[in-house]
Amino acid sequence: MARNTLTPDQIVRAAIELLDDEGLDGLNMRSLGARLGTAATAVYWHIKTKDELVRLAGDAVWSEVELPDLDAMGWRAAAAAMAGSMHAMLTRHPWLGQAFGSHLLYGPGKSRHDDHSLALYEKAGFSPADADRAAATVFVHVLGSALGGAAQVSLTRRLGKSGDPEKELAAAMAAAAEVAMAFPRLRERLDDAAATGYSAAPDRTFEFGLDAILDGFGAQLAKTA
């Protein structure tokens with residue numbers, strides 16, 4: 001693809017695909033150029049650095065988060081829907097959660113999400129300052145819930161470069177379980193025939209935590225009503 005026919009949007013979309021497949025470590029201009037069928041220099045003509053490319057790709061995927069109609073549903077249903085959509089987006093793009101710790105991420109996509117989140121909690125009845133706190137609390141919960149899966153993807157990819165990831169993970173889990181057997185509550189769970197390993201998050205952990213947070217918001221709003 002010639003430099004003059006390549007567009008920034010095409011580059012960002014290809015970068016997202018490469019990041020989904022290879023993670024942050026797998027993104028470089030040469031690999032991206034190969035995916036686009038062009039030389040790395042053609043990519044540099046439009047986007048100068050890898051950091052800028054990660055920022056643009058990271059902002060683009062925020063458009064996948066569905067923003068609920070705040071006039072068509074109650075605040076709690078809207079909050080749950082928005083948090084669930086963000087969680088699904090982070091699960092589809094596990095590199096984004098990792099990028100928060102290594103890149104400066106900003107842009108219209110994330111700003112669109114953040115503004116709608118603040119509007120949601122202000123409409124629920126929070127003051128602007130408390131709406132900031134409510135939005136940040138839910139954001140941290142969603143991000144933290146998605147990081148476990150992102151870490152697993154990254155670890156499996158890294159182990160796969162040097163050996164058999166399934167074998168290495170199984171050996172590590174067996175060693176971890178042996179250590180855990182010295183602790184009564186962990187031993188009880190490991191002894192359960194249905195247990196798959198104490199290190200795995202239980203089913204519906206994300207939903208359980210989100211319900212608890214929103215219950216707390218509801219109670220706080222009721223006290224100030």
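Because the structure is predicted, anything quoted here is derived from the model rather than measured.
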How long is the span from the CZ atom in F126 to the CG atom in L120, to the nearest 0.5 Å? 10.0 Å

What residues, two or more places apart in sequence or in another chain, satisfy side-chain contact (heavy atoms from CB on, under 4.5 Å) together with T49? D51, E52

What pairs of residues pass the salt bridge (Lys or Arg N to Asp or Glu O under 4.0 Å) test when at least one of them lies in residues 83-100, not counting sequence neighbours? E64-R92

Which value, rounded to the nearest 0.5 Å, describes the distance between R13 atom CZ and L18 atom CG? 14.5 Å

List for me each residue that meets salt bridge (charged side-chain N to carboxylate O under 4.0 Å, His left out) alongside R112, sequence neighbours excluded, and say none if there are none. none

Give every residue pair that meets the side chain to side chain donor-acceptor pair (under 3.5 Å) criterion with at least one member in residues 28-37, sequence neighbours excluded. D21-R35, N28-S31

Across all chains, not counting sequence neighbours, the side-chain hydrogen bond (donor to acceptor under 3.5 Å, both in side chains) partners of D59 are none

Under a single-linkage definition using a 4.5 Å side-chain heavy-atom cutoff for Ile, Leu, Val, Met, Phe, Trp and Tyr, are V142 and F139 assigned to the same hydrophobic cluster? yes

Who pairs with E207 by salt bridge (charged side-chain N to carboxylate O under 4.0 Å, His left out), at least two apart in sequence or on another chain? none

Excluding sequence neighbours, so at least two apart, what forms side-chain hydrogen bond (donor to acceptor under 3.5 Å, both in side chains) with D211? none

Within residues 101-110 or reaching into it, pairs that qualify as salt bridge (Lys or Arg N to Asp or Glu O under 4.0 Å) - sequence neighbours excluded: K110-D114

Can you tell me if CZ on F100 sees more than 12 non-hydrogen neighbours from other groups inside 6.0 Å? yes

Parallel, tilted or perpendicular for H113 and W62, by the 30°/60° rule? tilted

Within this structure, what is the CG-CD distance for the pair L90 and Q98, rounded to the nearest 0.5 Å? 11.0 Å

Donor-acceptor pairs under 3.5 angstrom involving side-chain atoms of residues 216-224: please list them, not counting sequence neighbours.
| from | atom 1 | to | atom 2 | distance (Å) |
| --- | --- | --- | --- | --- |
| T224 | OG1 | Q220 | O | 3.4 |
| T224 | OG1 | L221 | O | 3.1 |

The salt bridge (charged side-chain N to carboxylate O under 4.0 Å, His left out) partners of K123 (sequence neighbours excluded) come to D71

According to ring pair (Phe, Tyr, Trp, His ring centres under 6.0 Å), does anything in residues 68-88 pair up with another residue at least two apart or in another chain? List the pairs. H87-F206

Taking salt bridge (charged side-chain N to carboxylate O under 4.0 Å, His left out) as the definition, give me every residue that meets it alongside D132, ordered by chain and number, with sequence neighbours left out. none

